[in-house]
**Q** 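Take a look at this one; I'll ask things after.
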Amino acid sequence: MSNPLDQVIDDVIAREGGEKATNDPLDPGGRTQFGISERANPEAWKDGHVTAQEAREIFLSKYVVWPKFHTIPTSHKFTQEQLIDFGVHSGPAQAVMKLQDCLNEAGANPKLKVDGDFGTKTLDVLLGLDDRTVNNLLLAARIRLLGRVVQRNSNQLNKLGGFLNRALGFLK
């Protein structure tokens, strides 16, 4: 593996259940394999399954490059890794909005617009703060979000333990 983000993507795929295909009727994404849902990625499912390579390409393009998480330097790898996973789990824009809230809470000056766009202002504020501190603030925000998701949709209650374990894996 030449790209340090290859390991991050491998870790996401493992957290998503790996190669095993699932079809949980309570999962709004429908059939899922390698964490790639049929609903969000019908092209990957056109032949009835997803390959590991297809999954890696989707994760890299949709959850690393498109939201610009690849622009975060290794000095902030804890936050970068969590943002990628958070983006896979809740959507990149949601992950960025929670990050922007956390950066504002940590004293961003001037305050960032909470718009879900990981632009240069958000990156500059992030780089001015300690990685571990931002990561753990983001983790707390992520856990609060998970609580609200389950509160709004009781069908997700049986998954709460797994959601929390996944998030808490990023505690530094």
**Q** Judged by atom type as modelled, is there a donor-acceptor pair below 3.5 Å linking the side chain of Thr32 to the main-chain atoms of Gly35?
**A** no
**Q** Taking the side chain as every heavy atom from C-beta outward, state whether Arg166 and Glu16 have any atom pair closer than 4.5 Å.
**A** yes
**Q** Please round to the nearest 0.5 Å and tell me the distance separating atom CG of Asn41 and atom CD1 of Ile36.
**A** 5.0 Å
**Q** Are the side chain of Glu54 and the backbone of Thr51 linked by a donor-acceptor contact shorter than 3.5 Å?
**A** yes
**Q** Between Leu139 and Phe86, is the side chain to side chain contact (heavy atoms under 4.5 Å, CB included) condition met? List the steps.
**A** CA-CA 9 Å; Leu139 173 60; Phe86 194 171; over 6 Å; no
**Q** Got a donor-acceptor contact below 3.5 angstrom from the Ser61 side chain to the Glu57 backbone?
**A** yes
**Q** Restricting to non-hydrogen atoms, name the atom on Gln100 and the atom on Gly116 that form the minimum distance, rounded to 0.1 Å.
**A** OE1-N, 3.0 Å
**Q** State, with a plain yes or no, whether a side-chain heavy atom of Val12 is found less than 4.5 Å away from one of Tyr63.
**A** no
**Q** Give, for atom CG of Asp130 and atom CG of Asn135, the distance between the pair rounded to the nearest 0.5 Å.
**A** 9.5 Å
**Q** So do the side chains of Leu168 and Ile143 get within less than 4.5 Å of each other, counting heavy atoms only?
**A** yes
**Q** Rounded at 0.5 Å granularity, tell me how far CD1 in Ile9 sits from CD1 in Ile84.
**A** 7.0 Å
**Q** Might you point out which heavy atoms bring Leu145 and Ser90 nearest each other, and give the distance in Å?
**A** CD2-OG, 4.0 Å
**Q** State yes or no: do Val65 and Leu99 share one hydrophobic cluster built from I, L, V, M, F, W and Y residues joined by side-chain heavy-atom distances below 4.5 Å, directly or via other members?
**A** yes
**Q** Within this structure, what is the NZ-CZ distance for the pair Lys172 and Phe78, rounded to the nearest 0.5 Å?
**A** 5.5 Å
**Q** Would you call Lys68 and Asp117 a salt bridge, using N to O less than 4.0 angstrom?
**A** yes
**Q** What about Phe170 and Val134, same hydrophobic cluster or not, with Ile/Leu/Val/Met/Phe/Trp/Tyr joined at side-chain heavy-atom distances under 4.5 Å?
**A** no
**Q** Does any part of the side chain of Lys62, heavy atoms only, come nearer than 4.5 Å to the side chain of Pro92, both counted from C-beta?
**A** no
**Q** Going hydrophobic residue to hydrophobic residue with side-chain gaps under 4.5 angstrom, can you get from Leu83 over to Leu129?
**A** yes
**Q** Closest heavy-atom contact between Ala55 and Val50?
**A** N-CG1, 4.1 Å
**Q** Has the side chain of Lys98 got a donor or acceptor atom that lies under 3.5 Å from a matching backbone atom of Arg142?
**A** no
**Q** Only pairs under 3.5 Å count here: list side-chain donor-acceptor contacts from residues 153-163, not counting sequence neighbours, and write none if there are none.
**A**
residue, atom, partner, partner atom, Å
Asn153, OD1, Asn155, N, 3.0
Gln156, NE2, Leu26, O, 3.4
Lys159, NZ, Asp24, OD2, 3.1

**Q** Between the side chain of Gln33 and the main-chain N/O of Lys20, is any donor-acceptor distance below 3.5 Å?
**A** no
**Q** I need the minimum non-hydrogen distance between Val114 and Met97, along with the two atoms involved.
**A** CG1-O, 3.6 Å
**Q** Quick one: are Asp101 and Glu105 in side-chain contact, heavy atoms under 4.5 Å?
**A** no
**Q** I'd like to know whether Ile58 forms a side chain to side chain contact (heavy atoms under 4.5 Å, CB included) with Phe34, so could you lay out the CA-CA distance, the side-chain angles of the two residues, the decisive distance to 0.1 Å, and finally the verdict.
**A** CA-CA 10 Å; Ile58 290 167; Phe34 294 104; over 6 Å; no
**Q** Could you report the tightest heavy-atom contact between Pro42 and Ala40, atom names first, then the distance?
**A** CD-C, 3.5 Å
**Q** Supply the atom-to-atom distance Thr71 OG1 to Leu123 CG, rounded to the nearest 0.5 angstrom.
**A** 5.0 Å
**Q** Evaluate Phe59 against Val64 for side chain to side chain contact (heavy atoms under 4.5 Å, CB included), listing each step before the verdict.
**A** CA-CA 7 Å; Phe59 283 127; Val64 177; 5.7 Å; no
**Q** How about Arg132 and Asn136: do any of their side-chain heavy atoms sit closer than 4.5 Å?
**A** yes
**Q** Between Lys77 and Asp131, does at least one N-O distance fall below 4.0 Å, as a salt bridge requires?
**A** no
**Q** Which atoms form the tightest heavy-atom contact between Leu103 and Val125, and what is the distance?
**A** CB-CG1, 3.9 Å
**Q** Would you say Leu137 and Val96 are hydrophobically clustered, going by side-chain heavy atoms of ILVMFWY under 4.5 Å?
**A** no
**Q** Is there a side-chain contact between Glu81 and Leu5, using heavy atoms and a 4.5 Å cut-off?
**A** no
**Q** Quick one: do Arg56 and Asp10 make a salt bridge, cutoff under 4.0 Å?
**A** yes
**Q** So how far is it from His89 NE2 to Leu146 CG, rounded to the nearest 0.5 Å?
**A** 6.0 Å
**Q** Are Lys46 and Glu38 close enough for a salt bridge, meaning some N to O gap below 4.0 Å?
**A** no
